[in-house]
Amino acid sequence: QKEVEQNSGPLSVPEGAIASLNCTYSDRVSQSFFWYRQYSGKSPELIMSIYSNGDKEDGRFTAQLNKASQYVSLLIRDSQPSDSATYLCAVNIPTGNQFYFGTGTSLTVIP
Amino acid sequence: NAGVTQTPKFQVLKTGQSMTLQCAQDMNHNSMYWYRQDPGMGLRLIYYSASEGTTDKGEVPNGYNVSRLNKREFSLRLESAAPSQTSVYFCASSERSGRAEFFGPGTRLTVL
């Protein structure tokens, strides 16, 4: 089983809608969780981090963490065409100090 | 403030050739990482350096070596390139270990 699993998509939403991206992880000791945005042909860009159960909001982005169910999600409100990108989930595994990425979910926001 | 820089941006090698990918950061970060990204595989950690003077293997270290030359620079060496090493290579850095906060622009490597 992979450390981090994401639905590869593609996910399409109309402009102005809420985009919901999900990620599950396998190691219960994971403490830190991250979301990155990667435009085609570009490098990943860190957009959110979350460490505690519950929601964390930053502008139009909300990260949600549920450690009991081992999933982390990213909500993008009022989606814009400029949000069209691949979104990568990443998880820190404290033992061995490893940092694993999921394969990413491709999001397209349709004008 | 350039952030994380990588050289070269593109490279074509023949099987068996060697090369070194260079990475430098100007943010005084302690931790640096090398990842490769392949279609459908996501980002996979090759090697990382939690602090100056230390390096550790990641998920896919075979065929690679690294050097943490100083706090700024972290290089990745392919001793004998193979077609399976055709990929996009990203260097990243962070102030704290266990995460990659800032990525370089990437090196697109093709091994024929």
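Chain letters run A, B, ... following the sequence lines, proteins first and then strands; every chain starts at 1. Just so you know, these numbers use all the heavy atoms, side chains as well, and skip hydrogens, waters and symmetry mates.
The line from CD of B:Q22 to OG of B:S67 is 9.5 Å long, rounded to the nearest 0.5 Å.
The closest side-chain donor-acceptor pair between B:D38 and B:S87 falls under 3.5 angstrom.
Judged purely by atom type and a 3.5 angstrom limit, B:Q17 uses its side chain to pair as donor or acceptor with the backbone of B:K14. A donor-acceptor pair under 3.5 Å is formed between the side chain of B:R68 and the backbone N or O of B:K71. A donor-acceptor pair is defined here as one N or O able to donate and one able to accept, closer than 3.5 Å; no such pair exists between the side chain of A:E3 and the backbone of A:Y25.
In this structure, B:M19 and B:L13 have side chains that are in contact, with non-hydrogen atoms separated by less than 4.5 Å.
Identified by a heavy-atom distance below 4.5 Å to chain A, the contributing residues of residues 100-112 of chain B are B:A100, B:E101, B:F103, B:G104, B:P105, B:R108, in residue-number order. Proximity to chain B at a heavy-atom threshold of 4.5 Å picks out A:L88 from residues 67-88 of chain A, in numerical order. Using non-hydrogen atoms only and a strict 4.5 Å limit, the part of residues 32-65 of chain A facing chain B consists of A:S32, A:F34, A:Y36, A:Q38, A:G41, A:K42, A:S43, A:P44, A:L46, A:Y51.
In the hydrophobic cluster analysis, where Ile, Leu, Val, Met, Phe, Trp and Tyr join through side-chain heavy atoms closer than 4.5 angstrom, B:Y47 is grouped apart from B:Y33. By the criterion of side-chain heavy atoms lying less than 4.5 angstrom apart, applied directly or through intervening Ile, Leu, Val, Met, Phe, Trp or Tyr residues, B:L76 is not grouped with B:L45; the two fall into different hydrophobic clusters. Connection of A:V13 to A:L21 is established within a shared hydrophobic cluster, with ILVMFWY side chains joined at heavy-atom distances below 4.5 Å, either directly or through further cluster members. Grouping the Ile, Leu, Val, Met, Phe, Trp and Tyr side chains by contacts below 4.5 angstrom, directly or via other members, places B:Y64 apart from A:Y100. A chain of hydrophobic side-chain contacts below 4.5 Å, direct or via other Ile, Leu, Val, Met, Phe, Trp or Tyr residues, connects B:I46 to B:V66.
Listed by first and then second residue, the disulfide (SG to SG under 2.5 Å) pairs that reach into residues 24-105 of chain B are B:C23-B:C91, sequence neighbours excluded.
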Could you walk me through whether A:F99 and B:Y48 pass the ring-ring contact (aromatic ring centres under 6.0 Å, His included) check? CA-CA 10 Å; A:F99 191 62; B:Y48 66 100; over 10 Å; no
